[in-house]
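Protein chains get the first letters and strands the later ones, always in sequence-line order, with residue 1 at the start of each.
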2 protein chains.
Amino acid sequence: MHYQLIQNISKHVQLSPEEKSLFDTFWTEKTLDKGDYLLRNGEVCKNDNYIISGALKAFYINSDKGKEEILYFSIDDWWATDILSFQKQRPSIYNIQALEETRLLQISYQSFQKMLAEIPKLERYFRIILEAYLGSLQQRIIVGNTYDAAYRYSAFLKDYPKIAQKVPQYLIASYLGISPEFISRIRKK
Amino acid sequence: MHYQLIQNISKHVQLSPEEKSLFDTFWTEKTLDKGDYLLRNGEVCKNDNYIISGALKAFYINSDKGKEEILYFSIDDWWATDILSFQKQRPSIYNIQALEETRLLQISYQSFQKMLAEIPKLERYFRIILEAYLGSLQQRIIVGNTYDAAYRYSAFLKDYPKIAQKVPQYLIASYLGISPEFISRIRKK
DNA sequence: TGTAAAAATTGACCTAGTTCAATAAAGATT
DNA sequence: AATCTTTATTGAACTAGGTCAATTTTTACA
């Protein structure tokens, strides 16, 4: 049984033992090595991916400068899916790549639809996590437009200590919209 | 009948005539004058609000400088609701205020739950629009971290011509994380 | 239609953060 | 342990954009 995901879901909706077993049948486990891509810009995001352990970066390639811009990081007990691409089954505009060995649970688009049809109360779970993510994006926009780089960096360390541990500084800089050199200067204090 | 909202929903899920009539009973119309608040920071967002006509701004008050930071604008055929506050019925961290006379359709939290229970296919509609909004927020973060002020301003004019028409420049500046003076300099070219 | 208030513009100066290039430190690999 | 690669740091010069204060333009409305 894929207890880790089931436990996460149980925080938001209650599943009966039968539902849990049924739920379980839809998901398969996959392991990525460091550097492996889960999704490439231009491809359709075929699976919804739940992270059991490991870390990934989602990034967008700036077409002029060719530089990568971090959209988000994903670690244990969170998702690494381009939701728009997955739900509409149309090409993604960004990439998702493993920063270290990563274990995932995956479900295909077809299975996902079938699962929702058979266990409708999961609609609620997915709506709730979507809303939470949406709230965090709004928060990020506010903070990005309001506070200076030093504040944003220290807020990141406070909010995401686990990510800060795993992820190189220059990628955190990119996530925050700061240059790697400037992050280094912030740290000097 | 509240055709405008029903038409919007019909783009994503099909409702029978009976469902449409039932749907209709849950919503009530409300008019705001220019300057009226729909939601204040600290209050619970009691209703989901669909805009028939008019314009609103959602903004966050920066606690140090006391300045307002625009989180988003909402005009005809879109929503003006703090989703996190509405869904969890807990205090909002931002404000929503009318920029001009605005007509809304409203539904209370209780009615919203009841409506979803009676017309479950609406779950799908709300998930779809949530996903679309989420995609636009991700896009906004990428653009904000990647491009300079002039590009962001011209992209805004292109993407939201109707909003650009209605909303004062200095608020658009705030939305984009730019000073009003600098927007004015950008325009000189 | 005149007056007040709100919004936009302009100039002068300033600074937070960038860029580039070189160096140092840390991690990974044989 | 030595070497290669990836990250991080530092310095120096620069610039995108901010701030402040004054002025003009536009809009609202009595």
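- In terms of modelled atom types and a separation under 3.5 Å, the side chain of B:Ser10 and the main chain of B:Ile6 share a donor-acceptor contact.
- Distance CZ (A:Arg185) to P (C:dT19): 12 Å, rounded to an integer number of Å.
- Nucleic acid contact for A:Ile178: sugar-phosphate only, since backbone atoms but no base atoms lie under 4.0 Å from a heavy atom of the residue.
- Taking atom CG of B:Leu176 as the reference point, atom P of D:dG18 lies 11 Å away to the nearest angstrom.
- Among the nucleotides C:dT10, D:dT7, D:dT10, the one closest to any side-chain atom of A:Pro168 is D:dT7.
- Of the two residues contacting DNA chain D, namely A:Glu181 and B:Lys34, the nearest-nucleotide position lying further toward the 5' end is that of A:Glu181.
- Between the NZ atom of A:Lys57 and the P atom of D:dT6 there is a distance of 12 Å, rounded to whole Å.
- Between B:Ser184 and C:dA8 there is no side-chain polar atom (N or O) within less than 4.0 angstrom of OP1 or OP2.
- We find that CD1 of A:Ile186 is positioned 14 Å from P of D:dT10, with the value rounded to whole Å.
- Counting any heavy atom pair closer than 4.0 Å across all strands shown, A:Phe182 reaches a base atom.
- Within the nucleic acid shown, B:Arg187 comes within 4.0 Å of sugar-phosphate atoms alone, with no base atom in reach, counting heavy atoms only.
- Going from atom OH of B:Tyr153 over to atom C1' of D:dG17 covers 16 Å, rounded to whole Å.
- Nucleotide D:dC29 holds its P atom 11 Å from the CG atom of B:Asp33, rounded to whole Å.
- Aromatic ring orientation, A:Tyr125 versus A:His12: tilted (interplanar angle from 30° to 60°).
- Annotation: A:Lys34, atom NZ; neighbour count of heavy atoms from other residues, nucleotides and ligands within 6.0 Å does not exceed 12.
- Note: B:Phe86 and B:Trp79 fail the aromatic proximity criterion, with ring centroids not under 6.0 Å apart.
- Relative to the side chain of B:Ser179, the nucleotides C:dT18, D:dG18, D:dT7 differ in distance, and D:dG18 lies closest.
- In this structure, A:Tyr170 atom OH and C:dG27 atom C1' are separated by 13 Å, rounded to whole Å.
- Of the side-chain N and O atoms in A:Gln169, one or more sit less than 4.0 angstrom from OP1 or OP2 of D:dT9.
- Annotation for A:Tyr3: atom OH does not count as buried by contact number, only 12 or fewer foreign heavy atoms lying within 6.0 Å.
- As rounded to whole Å, 16 Å separates atom C1' of C:dA28 from atom CD of A:Glu101.
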